[in-house]
Amino acid sequence: MTPVFSDPLAFLAPPETQRQAACMAQDAFARLFRLSVEGDEALIVSAVTEMASLCHNWARAAVSDEARALRLALLVSGMDQWGLAYTQAFGLAAISGLSQLLGTLRNSLDATEDARFQQQFAAIEAAEGAAIDFKMELRRNIHLALWHAMIACEEHDESATILAVLGSMMLALTQQMPDLGWRLVADALAHVQIRCLTDAAAAGAQASTEALFNALRQSLTPEVADHIFAHANQAAIAWQQARRQAS
């Protein structure tokens, strides 16, 4: 799923750096989400302090002020999107540890640093192709996490709630990014299909997965739906063929 547009931010954060930012945001969110659910405030404070230091150190390793600001903006954007997805999917008012970390990262900036941060944060959303490798990695992981949560539900109502949120998120992505959004959705659906081929538990939850796919087909325009599912199917088939050749 190579994007067709050039990335105007790649000179500040190359693709590997963008993917690293998405993974760091996911790891930070996962840890703080678990601690927030457990409710141990002392552990939350300790984790926030540790992760704020890690985030700042990683951002400061960049070669320029603008690149450092972009790295931090990618981390904050990623964690914020994880938090939004989970609060919607699970009906949460807030995730305390995540809120604390995001506040700590922003409050530690001086006026000049904050201005650079805001400029780079806005630049990520200013163009569809901006930080596209970050967006691809981030959205794939968020969508897969919610899909795993959906198929793991024992109660139909819980599964249906997550399905509705996940489907709405994917639909919104195609609307917010009319040129490239469908590619991000196709990438996620391809990975869902691959998981179904490799994970017995996922294969056993085929009804939930089919319900998601059907809901998307009904909500998307026929042209966009055809593009998404054709590319997802091709990617899954290519993965199968590569696996057979390797074995």
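Atom set for the values below is all heavy atoms of this structure, side chains included, hydrogens, waters and symmetry mates excluded.
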Leu189 and Met170, any side-chain heavy atoms less than 4.5 Å apart: yes
Is any side-chain heavy atom of Ile95 closer than 4.5 Å to a side-chain heavy atom of Tyr86? yes
NZ/NE/NH1/NH2 to OD/OE distance under 4.0 Å, Arg19 and Glu16: yes
Between the side chain of Glu113 and the main-chain N/O of Asp110, is any donor-acceptor distance below 3.5 Å? yes
What heavy-atom pair brings Leu98 and Gly83 nearest, and what distance separates the two atoms? CD2-CA, 3.5 Å
Any chain of hydrophobic side-chain contacts (each under 4.5 Å) joining Ile237 to Leu197? no
So, Arg116 side chain and Ala69 main chain: donor-acceptor pair closer than 3.5 Å or not? no
CG of Leu220 to CZ of Phe229: how many Å apart, nearest 0.5 Å? 7.0 Å
With no hydrogens and no angle check, is any side-chain donor or acceptor of Ser46 less than 3.5 Å from a backbone partner on Ala42? no
Taking side chain as C-beta onward, heavy atoms only, is Ser108 less than 4.5 Å from His56? yes
I'd like to know whether Gln193 forms a side chain to side chain contact (heavy atoms under 4.5 Å, CB included) with Gln240, so could you lay out the CA-CA distance, the side-chain angles of the two residues, the decisive distance to 0.1 Å, and finally the verdict. CA-CA 11 Å; Gln193 293 184 57; Gln240 282 183 296; over 6 Å; no
Side chain proximity check, Arg244 to Trp239, heavy atoms < 4.5 angstrom: no
Could you please spell out the steps behind the side chain to side chain contact (heavy atoms under 4.5 Å, CB included) verdict for Gln26 and Glu137? CA-CA 10 Å; Gln26 179 180 7; Glu137 186 81 16; over 6 Å; no
Do Leu105 and Phe117 come close enough that some side-chain heavy atom pair is under 4.5 Å? no
Do you know the tightest heavy-atom contact between Gln120 and Glu66? CG-O, 3.8 Å
Is a donor on one side and an acceptor on the other found under 3.5 Å between the side chain of Ser36 and the backbone of Gly97? yes
What pair of heavy atoms forms the shortest contact from Glu128 to Gly181, and how long is it? OE1-N, 4.1 Å
What pair of heavy atoms forms the shortest contact from Ala89 to Leu146, and how long is it? CB-CD2, 3.7 Å
For the SG atom of Cys55 and the CG atom of Leu74, what is their distance to the nearest 0.5 Å? 11.5 Å
I'd like to check the ring-ring contact (aromatic ring centres under 6.0 Å, His included) partners of His191; sequence neighbours left out, ordered by chain and number. none
N-O pairing of Glu50 and Arg31 below 4.0 Å: yes
First locate atom CG of Asp133, then atom CG of Leu9, and finally report the distance between them rounded to the nearest 0.5 Å. 11.0 Å
Sequence neighbours excluded, the answer for side-chain hydrogen bond (donor to acceptor under 3.5 Å, both in side chains) partners of Glu41 is Gln100
Does the side chain of Val192 reach to within under 4.5 Å of the side chain of Leu212, using non-hydrogen atoms? no
Is the shortest heavy-atom distance from the side chain of Leu72 to the side chain of Trp58 under 4.5 Å? no
Measuring from Leu84:CG to Ile142:CD1, what's the distance to the nearest 0.5 Å? 8.5 Å
Closest heavy-atom pair, Asp7 versus Ala130, reported as atoms and distance to 0.1 Å, is OD1-CA, 3.4 Å
Hydrophobic clustering (ILVMFWY, side-chain heavy atoms < 4.5 Å, transitive) - are Val37 and Leu43 grouped together? yes
Pairs touching residues 134-153 that satisfy ring pair (Phe, Tyr, Trp, His ring centres under 6.0 Å), sequence neighbours left out: none
How many angstroms lie between atom CG of Leu70 and atom CD of Gln119, to the nearest 0.5 angstrom? 10.5 Å
Would the distance check show the side chain of Thr174 and the main-chain N or O of Leu171 forming a donor-acceptor pair, the cut-off being under 3.5 Å? yes
Got a second to check how far Ile162's CD1 is from Met169's CE, nearest 0.5 Å? 12.0 Å
Can you name the nearest heavy-atom pair linking Ser208 to Ser159, along with the distance? OG-OG, 3.7 Å
Can you confirm whether the side chains of Gln81 and Arg139 place a donor and an acceptor under 3.5 Å from each other? yes
Candidate pair Leu35 and Asp40, rule side chain to side chain contact (heavy atoms under 4.5 Å, CB included), full reasoning: CA-CA 7 Å; Leu35 291 175; Asp40 190 323; 5.8 Å; no
Sub-4.5 Å side-chain heavy-atom contact between Lys135 and Arg183: no
Consider only side-chain heavy atoms of I, L, V, M, F, W and Y, link residues closer than 4.5 Å, and tell whether Ile44 and Leu54 are in one cluster. no
Out of curiosity, does Val45 fall in the hydrophobic cluster containing Phe33 (side-chain heavy atoms, cut-off under 4.5 Å, transitive links)? no
Any donor-acceptor pair under 3.5 Å from Asn214 side chain to Glu210 backbone: yes
Stepwise side chain to side chain contact (heavy atoms under 4.5 Å, CB included) test for His231 and Trp182: CA-CA 10 Å; His231 277 70; Trp182 69 270; 3.5 Å; yes
Within the side chain of Gln88, is there an N or O that forms a donor-acceptor pair under 3.5 Å with the backbone of Val165? no
